[in-house]
Amino acid sequence: MRVYLKNVVLGGLLLLVVCYLMDKSNFISTVKWTWLSSRSVDSSESWVDKGNYLPLNVSYQLLAGTPATKQKLIAIGLSSVKRKKDSYLLQTLDSIFSQSSSMECTAMVVVVLLADFDPEWREAMVGEIRAAHTSELDQGQLIVIHVPMQFYPPLTELKRNYNDAPARVSFRSKQNVDYSFLMHYSSSQGTYYLQLEDDVSSARNFLTTINKNIQERKSVNWATLEFSSLGYIGKLYKAEHLPLLARFLLLFYQEMPCDWLLTHFRELLAQKEQILIKPSLFQHMGTFSSFQGSVNKLKDKFFEKDVYSNPLADVYTDISVYNDHVPRLAWEAGEGHFWGRTPEPGNYLMVVFRAPVVVTSVKVETGMAGKDLLEFAVPGDELGSPGEAVKRPSPRGMEGPFSRRPAAQDGPSPLAAGRGSDSESDVTREMKTHFRVCRFIMESGVKLGMRSVPVATACELYHRFFECVSLRVYEPYLVAMSCVYLAGKVEEQHLRTRDIINVSHRYFNSGSAPLECDKEFWELRDSVVQCELLILRQLDFHVSFRHPHQYLLHYLLSVKALVNRHAWTRTPVAETAWALLRDCYHGPMCIHHAPQHIAIATLYLALNSYGVEMPVGEREWWQVLCEDVTIDDINTVISDLLQLYDMEAKCI
């Protein structure tokens, strides 16, 4: 009975406490649930995508300038306060605009936050800015704003996380809030946002270099690109991230300095590694810090004031490359450089622009520390477009295979003439020509010491090129030579053009001496190089392929483990499969069938040719190795291969 009464009393007391708390929190609960019910929730779209961020209670005063009606490419943000010694804000603005072209200026807007609470200083600074940058203010390229003190959170009696002096903690905490308000305002001004300080100098055409780096990283998930290694200078963000970053800085404003918070924010957006662009585009110019006027001589060692920014292009060379000093480094700004081994007369460095460019001058710097200077070079002439034929005369003794036929010429190739009958169709004659040219590629590859994969790449380049153009317009053997040359680069087995030309010359002129390095030799060499460029353009620079070789190797190892060991050693299944695969490249099978299917079909034909029996299971052995292949696919590949063997008999 006592236990029962005790439980009743405790239950009653608990009920009274709950009622009391509900009464006290009635207003809060009502507001909270009203806010939740007023929002329409769509589970397919996050709150970040909707832009329904937590409110940021701030109001801005426009001190100078006219905000643009359209969003610019880049908004550049600067926050400035009154300094005890010197002021660098006007020098920073002068550097930004003077180092930019008129087109670059129209693509950007500079937002200056005068973050000091001294009204006299602000008024004087606005007057100086108006006097120095009237046109930029009128054209919407410069905006000056201020946030009153009442919108700032507490800036005194803050946490001292790193045992900093109270004045230092207040300074860096206010700086975080300044940047937060500045980014919040700038989020609607540009597609991208660049953070600078008020004491920096800029590199020439920095905006073009930044835009180039943005375009090159379109397929990369990045949160921050850093164009300076110092502090909070030269940090680039996407405008869509600014509302998040502004709230992030405000939320943790008293925890740590802004450049430390930057690292945490970048990692939260899944960018684990720093992306630092060199050379730096911005340099710290101030001598005295904005904090108590202390001396600050910090400099960015990677800064180059007159850094160049070349147009987007691809770079090619026939010079052997030393280590990782690839030709692209000669074109791009940065610390890297192209380093070639033993250049010879006639070597070239070719730049292919990705878009039409008007070139007014070319400057080439060679050597290092006064050594290895290039003594002589000749600028190349203008190259034809993809729709133009390669117009070069042919050297003596090679008029047949290397001469260019006019585009309007009718009838078979000169190589096919005399070998086929008049009743042969154009298709048959072209098939014979392609078969002979691919045989030429393979035999030349053997004499040049090429591996099997580079030879396969050369054949596939040839077939893909003539899949797009007519055989009557371009000389097939010249295209074949260029394909061999290009395949060596793609597969990293570099070949000298002189070796390719001499091997080709001996192929058509058995027993002849190597060509002399005379005028006609250089003309042929130029034809090979220009034809290489033509192939690249025609194929849109897609010259890296997946070959059946890697699949056949894997399939052979798997089959070897399944069959009887003695049967495997007695029959040349592997050698036959590799030979069949090589023969597939005499025709366009490599572009009409998947590489896995070709590998399976050649292995299937080799096993059946020697009567090697495979273990019987729930599925056929070729279905186990390649799930998407069918017996019809295998038969189709074998049928095409047998047609090539029939073509070989006709070409002899």
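Note that the numbering runs from 1 along the sequence shown for the chain.
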Inset, instruction - Could you check L461, D314, L486 and say which one makes a side-chain contact (heavy atoms from CB on, under 4.5 Å) with L536? - result: L486

Legend entry - P595 vs H547 side-chain heavy atoms within contact, under 4.5 Å: no

Legend entry - Spacing of L605 atom CG and I638 atom CD1 [to the nearest 0.5 Å]: 5.0 Å

Inset, instruction - Determine whether L73 and M108 make a side-chain contact, defined as any pair of heavy atoms from C-beta on separated by less than 4.5 Å. - result: no

Inset, instruction - Would you confirm whether H463, through its side chain, and G587, through its main-chain N or O, come within 3.5 Å as a donor-acceptor pair? - result: yes

Legend entry - Shortest non-hydrogen contact between G190 and Q71, atoms and distance: O-NE2, 3.1 Å

Legend entry - Under the side chain to side chain contact (heavy atoms under 4.5 Å, CB included) test, residues paired with K447 that sit two or more places apart: V503, Y507

Inset, instruction - Would you indicate whether E627, at its atom CD, is surrounded by more than 12 heavy atoms from other residues, nucleotides or ligands within a distance under 6.0 Å? - result: no

Inset, instruction - Please confirm whether the backbone N or O of V528 pairs with a side-chain atom of S482, one donor and one acceptor, at under 3.5 Å? - result: yes

Legend entry - Y462 ring center within less than 6.0 Å of H434 ring center: yes

Inset, instruction - Please name the pair of heavy atoms, one in M481 and one in I500, separated by the smallest distance, quoted to 0.1 Å. - result: O-CG2, 4.1 Å

Legend entry - Validation row: W339, V321 side chains within 4.5 angstrom (heavy atoms): no

Legend entry - Close side-chain approach of I441 and V484, heavy atoms under 4.5 Å: yes

Inset, instruction - Mind checking the CD1-CD spacing from I634 to E620? Nearest 0.5 Å is all I need. - result: 8.5 Å

Legend entry - Verdict with reasoning, N205 to E104, per side-chain hydrogen bond (donor to acceptor under 3.5 Å, both in side chains): CA-CA 8 Å; N205 301 120; E104 290 173 328; 3.1 Å; yes

Inset, instruction - Report the C-alpha separation of N211 and Q215 in whole Å, then their side-chain angles, then the decisive distance to 0.1 Å, and conclude whether the side-chain hydrogen bond (donor to acceptor under 3.5 Å, both in side chains) test is met. - result: CA-CA 6 Å; N211 188 37; Q215 300 305 318; 3.3 Å; yes

Inset, instruction - List the atom of V543, the atom of V490, and the distance in Å for their closest heavy-atom pair. - result: O-CG1, 3.4 Å

Legend entry - Min side-chain heavy-atom separation R439-H586 under 4.5 Å: yes

Legend entry - Check: D318/H494 side-chain N/O donor and acceptor closer than 3.5 Å: no

Legend entry - N213 side-chain N/O to T209 backbone N/O, donor-acceptor pair under 3.5 Å: yes

Legend entry - Point-to-point distance, once rounded to the nearest 0.5 Å, from CD of Q596 to SG of C626: 5.5 Å

Inset, instruction - Verify the ring-centre separation between Y477 and F440: is it less than 6.0 angstrom? - result: yes

Legend entry - Heavy-atom closest pair, residues M450 and Q493: CA-NE2, 3.3 Å

Legend entry - Aromatic ring pairing F465/Y474, orientation class (parallel under 30°, perpendicular over 60°, tilted between): perpendicular

Legend entry - V612 vs W568 side-chain heavy atoms within contact, under 4.5 Å: no

Inset, instruction - Flag yes if more than 12 heavy atoms outside Y604 fall under 6.0 Å of its OH atom; otherwise flag no. - result: no

Legend entry - Note, R525 side chain near I501 side chain (heavy atom, < 4.5 Å): yes

Inset, instruction - Would you give the length of the straight line joining atom SG of C468 to atom CD1 of I535, rounded to the nearest 0.5 angstrom? - result: 11.0 Å

Inset, instruction - Tell me, please, which residues at least two apart from T630 pass side-chain hydrogen bond (donor to acceptor under 3.5 Å, both in side chains). - result: D633

Inset, instruction - Enumerate the residue pairs fulfilling side chain to side chain donor-acceptor pair (under 3.5 Å) with a member in residues 551-561, sequence neighbours excluded, ordered by first and then second residue. - result: R546-Y551

Inset, instruction - State, to 0.1 Å, how close A480 and V437 come at their nearest heavy-atom pair, and which atoms those are. - result: CB-CG1, 3.5 Å

Legend entry - V637 versus H597, closest heavy-atom pair with distance: CG2-O, 4.3 Å

Inset, instruction - Determine whether W621 and P615 make a side-chain contact, defined as any pair of heavy atoms from C-beta on separated by less than 4.5 Å. - result: no

